[in-house]
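Before any comments, here is the structure.
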Amino acid sequence: MTAKASKRFGLLVAACLLVAALWAALWPSRLPAYGGQPLSFWLNQLPIVSVEGPSGSSLSGVNVVYSNPFFGGASGPGTSRAEDHRQAFTAIRTIGTNGLAFLIQKLEQRPPRSRFSKLAQRYAANLSLTQKFFPSAQQVEKERRQAVTGLLALCPLPPDAVERLRALSLDFQGPAWSLAGDVLRANENPRVLRDALKENK
């Protein structure tokens with residue numbers, strides 16, 4: 001890359017980050033909030049849980065457990081973050097169905113794949129704005145798993161959310177079909193969810 005092209009690229013990145021910063025300053029106010037913090041903040045405080053049990057199993061064979069498959073560190077009760085988790089569950093439940101659209105959007109999101117997003121990840125990956133608007137594949141997957149936890153906390157889900165999740169569970173080319181199916185199976189048995197999440201109420 002020549003010096004002139006490099007300078008142009010730097011100006012382009014700076015302009016995009018400036019626009020992103022302005023957008024970021026306004027966006028949280030559009031999200032439902034609790035305790036002065038937007039839903040996006042509380043999503044990132046949630047632990048990661050998983051729904052265990054074979055697909056199509058009886059309700060008694062479905063179990064919701066704390067897990068942390070590949071993000072490092074422990075999650076759930078008994079850790080130093082247990083209080084954060086409890087507060088996040090309280091926030092999600094208080095926000096209620098107003099947060100469903102955001103949680104489902106996080107469930108079905110994909111990592112950005114544009115050339116610009118790859119360049120931003122390569123040259124400015126440590127900037128908070130880059131992480132917010134051009135998240136890595138690992139960050140997207142983490143938020144997807146946390147969205148599952150948020151959806152489980154709101155079970156039983158209203159019919160329109162169930163229909164949206166059913167559509168996602170049948171989109172086998174999409175990123176969320178398996179997790180959407182897990183939420184649907186767990187949604188059929190709120191008792192299992194209460195037992196799994198009771199320590200965070």
Exercise. Please check if the side chain of N44 supplies one atom and the backbone of S40 the other of a donor-acceptor pair under 3.5 Å.
Key: yes
Quiz item: salt bridge (charged side-chain N to carboxylate O under 4.0 Å, His left out) between R164 and E108: does it pass, once the steps are laid out?
Solution: CA-CA 11 Å; R164 181 65 187 131; E108 63 182 339; 2.4 Å; yes
Quiz item: Would I95 and L31 show up in the same hydrophobic cluster when neighbours are defined by side-chain heavy atoms closer than 4.5 Å?
Solution: yes
Self-check item: Atom pair CG (D160) and CG (L100), whose distance is rounded to the nearest 0.5 Å
Solution: 7.5 Å
Quiz item: How many angstroms lie between atom CH2 of W177 and atom CG of D171, to the nearest 0.5 angstrom?
Solution: 10.5 Å
Exercise. Please report the shortest heavy-atom distance between L46 and H85, naming the atom on each side.
Key: C-CD2, 4.1 Å
Practice problem: Indicate yes or no for a side-chain donor-acceptor contact from R144 to the backbone of A176 under 3.5 Å, with no hydrogens or angles considered. | Solution: no
Quiz item: Do F41 and V148 share a hydrophobic cluster, counting only Ile, Leu, Val, Met, Phe, Trp and Tyr and linking them when any side-chain heavy atoms are less than 4.5 Å apart?
Solution: yes
Practice problem: Find the distance between CD (E143) and CD (Q109) and round it off to the nearest 0.5 Å. | Solution: 5.0 Å
Self-check item: Verdict with reasoning, L151 to L165, per side-chain contact (heavy atoms from CB on, under 4.5 Å)
Solution: CA-CA 10 Å; L151 289 167; L165 289 168; 4.2 Å; yes
Quiz item: Is there a donor-acceptor pair closer than 3.5 Å between any side-chain N or O of T149 and the backbone N or O of P47?
Solution: yes
Practice problem: Examine distances only and state if a side-chain atom of W42 and a backbone atom of F89 form a donor-acceptor pair shorter than 3.5 Å. | Solution: no
Quiz item: Is it true that a side-chain atom of N187 and a backbone atom of L157 form a donor plus acceptor pair closer than 3.5 Å?
Solution: yes
Quiz item: Is L154 close to T97 at the side-chain level, that is, under 4.5 Å between some pair of heavy atoms?
Solution: no
Self-check item: Taking every non-hydrogen atom, the tightest pair across L107 and A147
Solution: N-CB, 4.0 Å
Self-check item: Reported CD-to-CG distance for the pair Q87 and D84, which is rounded to 0.5 angstrom
Solution: 6.0 Å
Exercise. Walk me through it: do I48 and Q146 pass the test side-chain contact (heavy atoms from CB on, under 4.5 Å)?
Key: CA-CA 5 Å; I48 295 167; Q146 288 172 312; 4.1 Å; yes
Quiz prompt | Y34 side chain reached by I92 side chain, heavy atoms, under 4.5 Å | solution = no
Quiz prompt | Minimum heavy-atom distance between S169 and A180, given as atom pair plus value | solution = N-CB, 3.8 Å
